[in-house]
2 protein chains.
Amino acid sequence: MLKTPGADKEGAAERRAISADLIAVLVAAPNGNPVVLTVKEGTTLPSGPFALGHRSLQSGLRDWVEQQTGHPLGYIEQLYTFADRDRSIEEATRRVISISYLGLTREEPSHRTPPGSWRNWYEFFPWEDHRTGAPAIIDDIIVPRLRQWADAAEQQDKRQNRLRRAAGAFGFDDRHWNEELVLQRYELLFEAGLVEEAVRAKGDTNAPAVPGRTMTGDHRRILATGIGRLRTKIKYRPVVFELMPPAFTLLQLQRAVEALAGVTVHKQNFRRLIEQQDLVEETGEMSADTGGRPAKLFRFRHAVLDERLVAGTK
Amino acid sequence: MLKTPGADKEGAAERRAISADLIAVLVAAPNGNPVVLTVKEGTTLPSGPFALGHRSLQSGLRDWVEQQTGHPLGYIEQLYTFADRDRSIEEATRRVISISYLGLTREEPSHRTPPGSWRNWYEFFPWEDHRTGAPAIIDDIIVPRLRQWADAAEQQDKRQNRLRRAAGAFGFDDRHWNEELVLQRYELLFEAGLVEEAVRAKGDTNAPAVPGRTMTGDHRRILATGIGRLRTKIKYRPVVFELMPPAFTLLQLQRAVEALAGVTVHKQNFRRLIEQQDLVEETGEMSADTGGRPAKLFRFRHAVLDERLVAGTK
DNA sequence: CCTATTATGCTCGAACTGAGTATAATTGGG
DNA sequence: CCCAATTATACTCAGTTCGAGCATAATAGG
C-alpha cells in the first residue's frame, strides 16, 4: 500500500529541512525585441522566497513581481519544479525546492527596474534566432562539435543515436529546424559538454564552450524551458496579446510573434490566420509611422478568451 | 531590485516550516479500460513525502512507485505544484507543497496492489466518457444546473460570460465537445458549486452535487489535470505506447486512445495516421482472437523517439 | 513624378482531413 | 457446407487548410 500524506510521523524532522523559492522568467517584447528580466548583470533570473504569508504560489509570485518591477503581470504559467541535489550548497542538511514561472508583461519602461535588467534573450541562446536565417555558429561551431561528440561514443548504436538526436534538435542532415525544441537543444549541448554550465559541473576546464551568455546555477535551463513553452503556446493560445500595447498594427503583431518564435512567417498568411480566427478587431484608427502605406490599428478581442478555449497564432 | 535565492537571511526560520509531498496520477489502460491507481477505497491518490534521501523529485517518485506497486514507470511528467493554504491543516505554522506527477504504466496485474486500487477514471468524471455518445447526465443534470448558475449572476454581462464559458466547456448551444478541457469542466462545476468538494469547502450543505465519485482534498482536481494533460499529449507525442503491451493490433491501439480521449475515432483514418507516421512496424505475427478476420500484430518503433521529437496520435 | 516601402486582397496547387464505399478473412450457428 | 456476423484492410472523394506567390493600393521622400 502506498503512503498517504500526513500518514507518516517519522520523517517529520527530515522533511522540515526544506525551503521553497519562486523563480520568474519574465518576458516582454517591446517593438519586436524579445527580452527577459534579469538581475546581477544578466547572470540570474529574479527570484524570491515562498513564505507562509503568501496565499498561494501564484499569488506569491504575482505579489513580488508587480511590487518590485511595477509591471502588471498579464499571464502567468507554472513552468517546472525541481529540487536536484546539486542546487543546494549545504548538501545533506537542507533542500531547496525551486518553483519556476513564466510571466508575460506589456512594456519595458524602467519604472523600478534599473537599466540593463531586461536582456534580449538571444544573448543567452545565440543559436535560437533564425529570423535572418540560421546563425553562422550553428554550421561553424555547433554542428561540428556535436558530430565530434557523437563520434566519441563507444558503441556503434550509441553513435547513431547521438547523431540522430543532434540532427533532429538542430535541424541538420536535411531535418528541419523546429523552433520549439529550445530545451532539448540546450540539454543536448549540456550533455555534450558544450555549454559553460556543463564544464562548470564537471570541473572539465579544457573544453571551450559554444558562444552564449551563461547564467547562475541552472537558470539558463529554466530560461530555455520558458522560451520553449512560450513558443509552443503561441501556436494554440492567444498569449502574444499579453505582450502587445492596447492598439497595434498586424505587422507589429507579426514582429512580436517572430521575435518569440525566432523564425519569420509569411506576411499574408499570417494576416489570413489572425483575421479568420477573429482574434482582433479594428479600432478605426490608422497608424502613420509605418514607413509606407498607413496600416489599420487593431485591438485584441478579449471576448475570445471566454468563447473558445482554443486558437492561437501558429 | 529583486531578491535572489539565498540572499536573505531573515526569512530562514519562516521558510523552514515547509514540507513537500509527491502525488502521483498513475494511469494504465488494460484492454481499453482507463484506470488510475488509488488508495483508501478510491478516495485518494497515492502520495509520499519528498525527503533528503531522494536524488531528485522525479527519481523520488519513480523510486517509491516502482517499489510499492511493482510496475515500472514508462513515462513520467510533472503536472503541477501547489501550496494553497487550505490544503494544510495546521494553517499558520506549516505549509505543505504538493508536487503532482502523471505516470504511465503498462499493466494492471495485482502484483503488490490490492484489488480495487485501480479505478476506472470515469467513475470520478462520468461526464467525460463520450465513447458511446454524450452521457445523459450532461443534458439531464449538468446543463440545466449550469444555466441556473449563469442566470443567478447579478449583471447581464456576467450572466452572458458564465453561459459562454459553460457552453464552451460542455459543448452545448452548438459548440462542440472538446475532450481536452477536463480541468476547465471540473473547475467550472466547482465554481458553480456542483461538485461535492465545492460544497464541502463552502459548508453549503443544501446544494446537491452532480454525479461522480469524490476524492480527498483536491485530489479530483489533480486527477482532472492529469487526464487533461494526457488527452492533449497523445495528440502530439507517442505516449500511448507506454500503456500498450509489446505487441498489439491496431484496433487495440485505437481502443486505448479512445479510452483516454473519451471519444471514438474513425477506424480507417486512425490506421492511416498511425501508418503514415511510421510509428509502428509489423511483428510478422497475427492475432487470432479478434472475433473476425485475424489482425496483424504491430510493435512500437522505439527509434521514432530519437528521430523526431514530434508526432502523436490525434 | 518616380522609387522605395509597407499594406492588403486574391489565387492556386499541394497536403491533410473527415466520411464514406468496397472487399477480404475469419468464427459460429444451423 | 453455407450464411450471417464480425473484424481487417484497401481505396476514394470532396472539403479544408496551408505554403507560396502575384497583384494592387497608399503612403513618404527625393
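Labels below follow one simple rule: chain letters A, B, ... track the order of the sequence lines, proteins then strands, and each chain is numbered from 1.
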Would A:Y122 and A:E128 count as having a side-chain donor-acceptor pair, cut-off 3.5 Å?
-> no

For this session: Taking atom types as modelled, find out whether A:E77 and A:Y75 have a side-chain donor-acceptor pair closer than 3.5 angstrom.
Result: yes

With hydrogens left out and only the distance checked, is there a donor-acceptor pair under 3.5 Å joining B:Q268's side chain and the base of D:dT12?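 Side chain to base: no pair present.
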
Classify A:L251 by what it touches in the nucleic acid, base, sugar-phosphate, or nothing, heavy-atom distance under 4.0 Å. sugar-phosphate

Original post:
Contact class for B:K267 (heavy atom, under 4.0 Å): base, sugar-phosphate, or nothing?
Top reply: base

Picking from C:dG9, C:dA25, C:dA19, the nucleotide nearest the side-chain atoms of B:R293 would be C:dA25

Using the side-chain heavy atoms of A:A295, tell me which of these nucleotides is nearest: C:dA19, C:dA7, D:dA8.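 Nearest nucleotide to the side chain: C:dA7.
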
Length of the [atom1]-[atom2] vector between [X] and [N], whole Å:
| X | N | atom1 | atom2 | value |
| --- | --- | --- | --- | --- |
| A:Q276 | C:dC10 | CD | P | 15 Å |
| A:Q252 | C:dT6 | CD | P | 13 Å |
| A:E275 | C:dG9 | CD | P | 6 Å |
| B:H176 | C:dT17 | NE2 | P | 17 Å |
| B:L253 | D:dT9 | CG | P | 13 Å |
| B:M286 | C:dT26 | CE | P | 7 Å |
| B:L297 | D:dT7 | CG | C1' | 14 Å |
| B:R271 | C:dG18 | CZ | C1' | 17 Å |

Closest heavy-atom pair, B:R164 versus A:A303, reported as atoms and distance to 0.1 Å, is NH2-CB, 4.4 Å

Q.
Quick check on DNA chain C: between A:G291 and B:H266, whose nearest nucleotide comes earlier from the 5' end?
A.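 Between the two, 5'-proximity favours A:G291.
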
Just say parallel, tilted or perpendicular for the rings of B:H130 and B:W177, cut-offs at 30° and 60°.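 Parallel.
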
| task | Indicate the ring-plane relationship of A:F300 and A:F241, choosing parallel, tilted or perpendicular according to the 30° and 60° boundaries. | result | parallel

Note: for A:R272 and B:P294 on DNA chain D, the residue whose nearest nucleotide lies more 5' is B:P294

Whichever of B:N269 and B:G292 has the more 5' nearest nucleotide on DNA chain D, that residue is B:G292

